Amino acid sequence: MRRLPRPTAAADPVDALLSTPADADDTPPVTASVTVPATVSATAPVPIVLAGARGHGRWHLDNIRRLQHKGLVRLAGICELTPLAEEELDGLGVPEQSADFGALLDATGAAIAVICTPIPTHTDLALMAAERGVHLLLEKPPAPSFAEFRRMADGVAAAGVVCQIGFQSLGSGAVPGIRKLIAEGALGTVAGIGAAGAWARDEAYYRRAPWAGKRRLNGVDVIDGALTNPLAHAVATALALDGSTRAEDVADIETELLRANDIESDDTSCVRVTTTSGGRITVAATLCAEEPDEPYVLVHGSHGRITFWYKQDRVLVQRSGHGPEEIEYDRTDLLENLVGHLTHGAELLVVPESTGAFMKVVEAIRQAPDPVALPGDAWELIPGANRRVVRGIDGLVAAAADTLALYSELGASWALPNEVSGR
């Protein structure tokens with residue numbers, strides 16, 4: 001029997017999943033021509049299997065419950081090592097449950113699989129579904145390496161199914177809205193795009209699953225760092241606002257990867273992407289903030305700037321000759337969009353190719369030297385919260401987004417000269 005792949009024999013792939021609930025991710029950054037599959041009815045609820053229903057999977061479970069109440073979908077199966085209890089399934093009926101993903105897809109006749117499992121399992125599970133003709137909503141990051149991403153994307157395309165990548169921020173109406181403002185010249189000439197994410201994660205966050213905070217686990221790539229997972233939306237959204245979403249849009253990538261916590265991966269990092277069109281995108285992130293705040297993307301223009309708080313779908317436009325303007329946008333749920341794509345031909349918002357540039361960033365981080373431990377005098381432990389805080393990091397994260405500079409260029413004594421990855 002084919003069972004849910006594990007990163008290692010010892011690791012539980014669905015124990016406390018890591019991903020940020022709907023934080024969010026030019027016109028929509030990607031659209032696709034569509035032929036509605038004959039096997040998906042435009043009237044009956046679409047049967048869905050959810051792989052990974054705990055951790056962040058609970059968010060997907062709630063979202064499926066919402067769509068089921070609207071009559072759009074039916075939860076046909078749940079793939080978990082430990083079956084969900086009756087109270088966890090409130091309002092969802094009695095879906096089939098199994099740890100055997102392939103057998104569950106076969107038994108339920110699912111049209112869509114939502115995959116919310118540990119990063120190293122994404123490609124194998126996606127291909128397992130694709131070979132059965134099952135369409136996909138695949139959580140971000142789609143893969144831990146560019147090679148695995150290509151294996152997944154190429155396999156899905158060859159199977160003739162569609163795949164939506166779970167960058168929820170790219171479902172925000174703010175993305176095409178900001179792109180339209182840029183195209184209309186509202187900001188003048190765009191000088192670059194910055195993004196800032198100052199979040200906090202306690203010690204338990206890195207102990208909740210064997211792969212948490214790892215770059216590799218028993219020789220398998222994981223790449224669970226600040227920029228590649230919890231704040232991945234900041235990277236993907238900045239790239240989308242620049243209109244540089246494909247792998248071939250990336251020319252160079254500079255990285256600075258550091259850590260205050262006792263982990264393998266980075267918890268305090270920044271990256272600067274130079275695009276083939278000459279654009280500059282700098283994203284600074286930390287999970288060791290002094291005062292955690294909402295992440296945002298900042299578009300710099302010669303005549304103004306736009307700030308986009310992507311979790312809130314909220315935009316502030318500041319430009320010469322105008323007063324500040326705040327705009328709140330609606331958001332299209334990516335699973336609902338996928339269902340609409342299959343049943344009514346709606347344009348799919350986040351196809352794999354539109355995340356190629358993001359995956360180039362993941363690859364640059366994967367290939368970079370292991371993150372450097374910050375010196376003991378650069379951080380402190382907050383006893384009550386049991387988390388580590390990097391002194392002054394909130395200001396540095398904001399300054400990086402504001403100036404498009406890296407930590408080392410902003411005078412951080414602990415930042416090393418940057419690593420540069422070619423195209």
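All of these numbers come straight from a predicted model, not from anything done at the bench.
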Taking 4.0 angstrom as the limit, do [X] and [Y] come out as a salt bridge?
X: Asp202; Y: Arg207; result: no
X: Glu409; Y: Arg272; result: yes
X: Lys70; Y: Glu336; result: yes
X: Lys360; Y: Glu363; result: no
X: Glu353; Y: Arg246; result: no

Cation over ring, Arg208 on Tyr205, under 6.0 Å and within 45°? yes
Which atom names give the shortest non-hydrogen contact between [X] and [Y], and what distance separates them?
X: Asn229; Y: Pro141; value: OD1-CD, 3.6 Å
X: Ala234; Y: Val297; value: O-CG2, 4.1 Å
X: Asp266; Y: Pro371; value: N-CG, 3.5 Å
X: Ala51; Y: Phe101; value: CB-CE1, 3.8 Å
X: Ala226; Y: Ser269; value: CB-OG, 4.0 Å
X: Gly166; Y: His233; value: O-NE2, 3.8 Å

Spatial distance of atom [atom1] ([X]) from atom [atom2] ([Y]) [nearest 0.5 Å]:
X: Leu381; Y: Asn386; atom1: CG; atom2: CG; value: 6.0 Å
X: His341; Y: Leu349; atom1: NE2; atom2: CG; value: 10.5 Å
X: Ile78; Y: Thr108; atom1: CD1; atom2: OG1; value: 11.5 Å
X: Asn63; Y: Gln168; atom1: CG; atom2: CD; value: 7.0 Å
X: Asn337; Y: Thr332; atom1: CG; atom2: OG1; value: 6.5 Å
X: Asp90; Y: Leu92; atom1: CG; atom2: CG; value: 7.5 Å

Partner of Arg215 under side-chain contact (heavy atoms from CB on, under 4.5 Å), picked from Ile365, Asp224, Asp221, is Ile365
Consider side-chain contact (heavy atoms from CB on, under 4.5 Å). Of Met359, Arg151, Arg366, which one does Ser145 pass it with? Arg366
Partners passing side-chain contact (heavy atoms from CB on, under 4.5 Å) against Ala398 (at least two apart in sequence or in another chain): Tyr296
Side chain [X], main chain [Y], donor-acceptor under 3.5 Å:
X: His122; Y: Leu138; value: no
X: Gln318; Y: Arg305; value: no
X: Glu256; Y: Ser408; value: yes
X: Thr123; Y: Glu148; value: yes
X: Asp267; Y: Ala260; value: yes
X: His300; Y: Ala401; value: yes
X: Gln97; Y: Leu84; value: yes

Would you tell me whether Glu139 and His60 have side-chain atoms, one donor and one acceptor, within less than 3.5 Å of each other? yes
Side-chain donor-acceptor contact under 3.5 Å, Asp313 with Ser172: yes
Would a 4.5 Å heavy-atom cut-off, applied to side chains only, mark [X] and [Y] as touching?
X: Pro142; Y: Phe358; answer: yes
X: Trp309; Y: Leu316; answer: yes
X: Tyr329; Y: Val175; answer: no
X: Val351; Y: Val162; answer: no
X: Pro144; Y: Val222; answer: no
X: Leu75; Y: Leu61; answer: yes
X: Leu338; Y: Leu342; answer: yes
X: Trp199; Y: Pro230; answer: yes

Show every salt bridge (charged side-chain N to carboxylate O under 4.0 Å, His left out) that has at least one partner inside residues 281-293, sequence neighbours left out. none
For Asp370, run the salt bridge (Lys or Arg N to Asp or Glu O under 4.0 Å) check against Arg259, Lys214, Arg216 and tell me which one passes. Arg216
Side chain to side chain contact (heavy atoms under 4.5 Å, CB included), that's the test. Do Arg54 and Thr82 meet it? Break it down for me. CA-CA 10 Å; Arg54 295 194 170 95; Thr82 303; 3.8 Å; yes
Please test Ile48 against Gln68 for side chain to side chain contact (heavy atoms under 4.5 Å, CB included), starting from the C-alpha separation and ending with a verdict. CA-CA 10 Å; Ile48 289 179; Gln68 184 161 304; over 6 Å; no
Between Phe308 and Tyr310, how do the two ring planes meet: parallel, tilted or perpendicular, split at 30° and 60°? perpendicular
Kindly indicate, with the supporting measurements, whether the criterion side chain to side chain contact (heavy atoms under 4.5 Å, CB included) is fulfilled by Leu287 and Arg387. CA-CA 9 Å; Leu287 302 178; Arg387 68 179 183 91; over 6 Å; no
Assess the residue pair Arg388 and Leu374 against the criterion (side chain to side chain contact (heavy atoms under 4.5 Å, CB included)); give the C-alpha distance rounded to whole Å, side-chain angles, the decisive distance to 0.1 Å, and a yes or no. CA-CA 11 Å; Arg388 301 187 186 193; Leu374 290 171; over 6 Å; no
